[in-house]
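Notes follow the structure.
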Amino acid sequence: MAKTSASEIKTRRWKKADIPAIVECQNAAYPHIDRDSLNDARKLEMQLAVFPEGQFLAEHDGKVIGYATSLIVLLDDQSPWYSYNEITGCGTFSTHDPSGDTLYGSDIAVHPKYRGKGVARKLYQRRKSLLKRQNLRRMVAGGRIPGYAEYSKKISPQRYIERVKAGELKDMALSAHLKAGYEVKSVHYAYLSDAESMNYATYLELENPQFDPAKRMIAGAPIRKTTRKIRVCAAQYEMRPVESWDQVERQVNFFAETANEYHCHFLLLPELFTAQLFSLLPPDMDSRHAVKEVAKYHERYLKLFKSCAEDHGLYIIGGSTPVDIGDELRNVAHLFTPTGHVYTQDKMHITSVERHYYDCQPGDKLQVFDTPLGRIGIVVCYDVEFPELVRLLTVAGIDVLFVPFATDERKSYQRVRYCAQARAIENIIYVVLAGCVGNLPQVRSFLINYGQAAVCTPCDVAFPKDGLLAEADPNCETAVIAELDLNDLAVQRDLGSVLPLQDRRNDIYQLHSKVPVEVVYTQ
């Protein structure tokens, strides 16, 4: 074979059409490895589809003479070692995680006829360039030690590695890894079936000296849940007179269908929207008796929302409704899940109007709802005006706070709105508001409503300039739909311009709940 210079060797990302030549190069490079441990054309095609930016080849005169494969992973630093099948998804790269911080070098091989010509060095340069471009923390690999079989009866694999590192021995693979800049962190057995290495492999790590952890966190924060984004729908519900329960159902179904049509995960309705049922009662009925009559519709309310949640696969915060609990009337918010389960959160602070007109009593239990989509909290209207309450929920892990409200005029609404915005800022959470609009003539205790549904955010770089992700036009029946990025919250809590959760002065003041906040794992 004619002499090949390094300048004649070109590297590039490989394409689907290159796969047969890569398989041929692989077979030539690994003649003694179990065929089941190598990647066939199907797996190589899957690797390319998952992460095309991480697959490189070297060629000379149009012939594939080497290749390298890689994927991005998120490793447990307490136990970073994985077998080849574990870390690569049995060669399918199903474990590729764009939000990870580690480039895993799955395979690198050079055709035997072209070894010693700088092919591996050029492939490593492509990997290092990718490491820098993606701002990844490190590159790791499981490295073969094919020369160990000759020495296995005399020395341990650890001793063999030390001698190669000292230059006393030369190993075709390990020496190349060391030359590339890898550090041997440990040695493990059963990485793959490899008789030449006696089934041992090194755990290799190469740090990225230019790694910027803050920028990586912003670009690809680790996934704390299976879900990174959720879409919410906040209903701006018009309080129009009704002549039957069926009309209430029709109105609720409209919002459930709207949330489903726009692919939402959560639907929020307003506080006490069931006061619409007052219009079915004699206008001169005493308010305390009237609200007791509305409470009798609770079973129908539950049946309606359970059906909507199951039919549309929604998590529905069904606003709130009056409920008789023992000998007390309470204003109760309900969470309905797609599996037909129901959870409740009582209103904790009762306004003077509720006490006077309805003889409503406050609840005494605060809950966080852990859903598959993230941890949420629910506080009803006036409750959001008490910072301590929402801080307790935040400490218990919520990402999103849902606030169903009912306010009679603009100043009342602004109290709720401004407090909701403050809770979003000071706790680094999203706050979703949904209220009633419209009037109920002849219903003395619920005459007028002013409302504007909105989604409030923290005020910092990752969020809208006015801390408002979405809002409706006031006082018309509509819905607000917004997509909430939970990763933005996680990043903000660590890298925000201000860090209100971390900067609290626990040496001066502390917040204690006399009743523990209960974390409810929803089904």
Side-chain angles (χ1 to χ4, degrees), residues 225-240 242-277 280 294-323 332-345 367 369-378 380 399-404 430 432-438 453 455 470 472 477-484 486 520-523:
K225 288 277 186 179
T226 55
T227 301
R228 301 175 70 189
K229 292 184 179 181
I230 59 174
R231 191 170 289 185
V232 299
C233 176
Q236 194 158 291
Y237 190 100
E238 183 174 354
M239 299 291 278
R240 54 172 66 90
V242 295
E243 297 176 354
S244 69
W245 171 256
D246 290 344
Q247 289 178 279
V248 176
E249 285 198 358
R250 184 159 57 247
Q251 206 167 342
V252 168
N253 278 318
F254 161 75
F255 283 108
E257 289 166 1
T258 298
N260 182 60
E261 180 69 21
Y262 286 89
H263 313 294
C264 295
H265 303 96
F266 288 89
L267 168 63
L268 173 66
L269 275 87
E271 175 189 24
L272 292 179
F273 76 94
T274 50
Q276 208 173 14
L277 296 166
L280 297 176
V294 172
K296 292 178 181 179
Y297 283 85
H298 188 226
E299 287 302 319
R300 292 189 187 184
Y301 165 93
L302 293 176
K303 182 179 179 181
L304 167 62
F305 278 102
K306 286 175 70 174
S307 174
C308 286
E310 291 182 63
D311 290 348
H312 298 297
L314 284 166
Y315 287 85
I316 302 178
I317 297 91
S320 72
T321 193
V323 179
V332 184
H334 293 67
L335 170 63
F336 300 85
T337 74
T339 56
H341 291 79
V342 185
Y343 306 89
T344 61
Q345 173 62 62
Q367 299 169 106
F369 302 98
D370 193 307
T371 78
L373 300 168
R375 282 193 174 186
I376 69 167
I378 303 170
V380 181
D399 295 311
V400 185
L401 181 69
F402 289 94
V403 184
Y430 293 106
V432 185
L433 300 167
C436 300
V437 299
V455 179
E477 186 164 61
T478 185
V480 163
I481 296 167
E483 197 164 275
L484 315 184
L486 304 185
V520 179
Y521 294 90
T522 64
Q523 299 183 50

side-chain contact (heavy atoms from CB on, under 4.5 Å) filter on Phe254, not counting sequence neighbours, yields Thr258

So OG1 of Thr337 and NZ of Lys306: to nearest 0.5 Å the spacing works out to 9.0 Å

Sequence neighbours excluded, the answer for salt bridge (Lys or Arg N to Asp or Glu O under 4.0 Å) partners of Lys303 is none

Practice item. Taking the side chain as every heavy atom from C-beta outward, state whether His263 and Glu483 have any atom pair closer than 4.5 Å. Key: no

Closest heavy-atom pair, Cys233 versus Ala479, reported as atoms and distance to 0.1 Å, is SG-CB, 3.8 Å

Nearest heavy-atom approach of Ala256 to His312 is CB-CD2, 3.8 Å

ask   = Would you say the side-chain atoms of Glu238 pair up with the backbone N or O of Glu477, donor to acceptor, closer than 3.5 Å?
value = no

Value for CZ (Arg231) from CG (Leu484), rounded to nearest 0.5 Å, stands at 10.0 Å

**OP:** Taking the side chain as every heavy atom from C-beta outward, state whether Leu314 and Cys308 have any pair of such atoms under 4.5 Å apart.
**Re:** no

Paired with Leu335, the side chain to side chain contact (heavy atoms under 4.5 Å, CB included) test is passed by just one of Val520, Ile316, Ile378, namely Ile378

### Task
Please lay out, stage by stage, how Val232 and Tyr430 fare under the test side-chain contact (heavy atoms from CB on, under 4.5 Å).
CA-CA 11 Å; Val232 299; Tyr430 293 106; over 6 Å; no

Rounded to the nearest 0.5 angstrom, the CZ-CD distance for Arg250 and Glu257 is 11.5 Å

Residues 266-276, side-chain donor-acceptor partners within the protein, below 3.5 Å, at least two apart:
unit_1 : atom_1 : unit_2 : atom_2 : d
Glu271 : OE1    : Ala406 : N      : 3.0
Glu271 : OE2    : Asn331 : ND2    : 2.8
Glu271 : OE2    : Lys347 : NZ     : 2.9
Thr274 : OG1    : Thr321 : OG1    : 2.7
Gln276 : OE1    : Tyr237 : OH     : 2.7
Gln276 : NE2    : Arg240 : O      : 3.0
Gln276 : NE2    : Gln251 : OE1    : 2.9

Sorted by chain and residue number, the ring pair (Phe, Tyr, Trp, His ring centres under 6.0 Å) partners of Tyr343 (sequence neighbours excluded) come out as none

By side-chain contact (heavy atoms from CB on, under 4.5 Å), Leu280 pairs with (sequence neighbours left out) Val242, Leu277, Tyr297

Going through the distances and angles, do Asn253 and Leu304 end up as a side-chain contact (heavy atoms from CB on, under 4.5 Å)? CA-CA 9 Å; Asn253 278 318; Leu304 167 62; 4.3 Å; yes

Point to revise | Flag, side chain of Thr478 to backbone of Gln236, donor-acceptor distance under 3.5 Å | key: no

Contact check, side chains of Val480 and Val455, non-hydrogen atoms, under 4.5 Å | yes

Rounding to 0.5 Å, atoms OG (Ser244) and CD (Glu249) come to a distance of 9.0 Å

Applying side-chain hydrogen bond (donor to acceptor under 3.5 Å, both in side chains) to Asp311 and not counting sequence neighbours gives Ser307

Exercise. Side chains of Val323 and His334: does their closest heavy-atom pair fall under 4.5 Å?
Worked result: yes

In terms of heavy-atom contacts, Leu373 and His265 come closest through CD1-CB, 3.6 Å

Test ring-ring contact (aromatic ring centres under 6.0 Å, His included), reference Phe305, set Phe255, Tyr315, Phe336, output is Phe336

One should read off an interatomic distance between Asp370 CG and Thr522 OG1, to the nearest 0.5 angstrom, of 6.5 Å

- Task: Verify salt bridge (charged side-chain N to carboxylate O under 4.0 Å, His left out) between Asp399 and Arg375, making sure each step is shown before the conclusion.
- Result: CA-CA 6 Å; Asp399 295 311; Arg375 282 193 174 186; over 6 Å; no

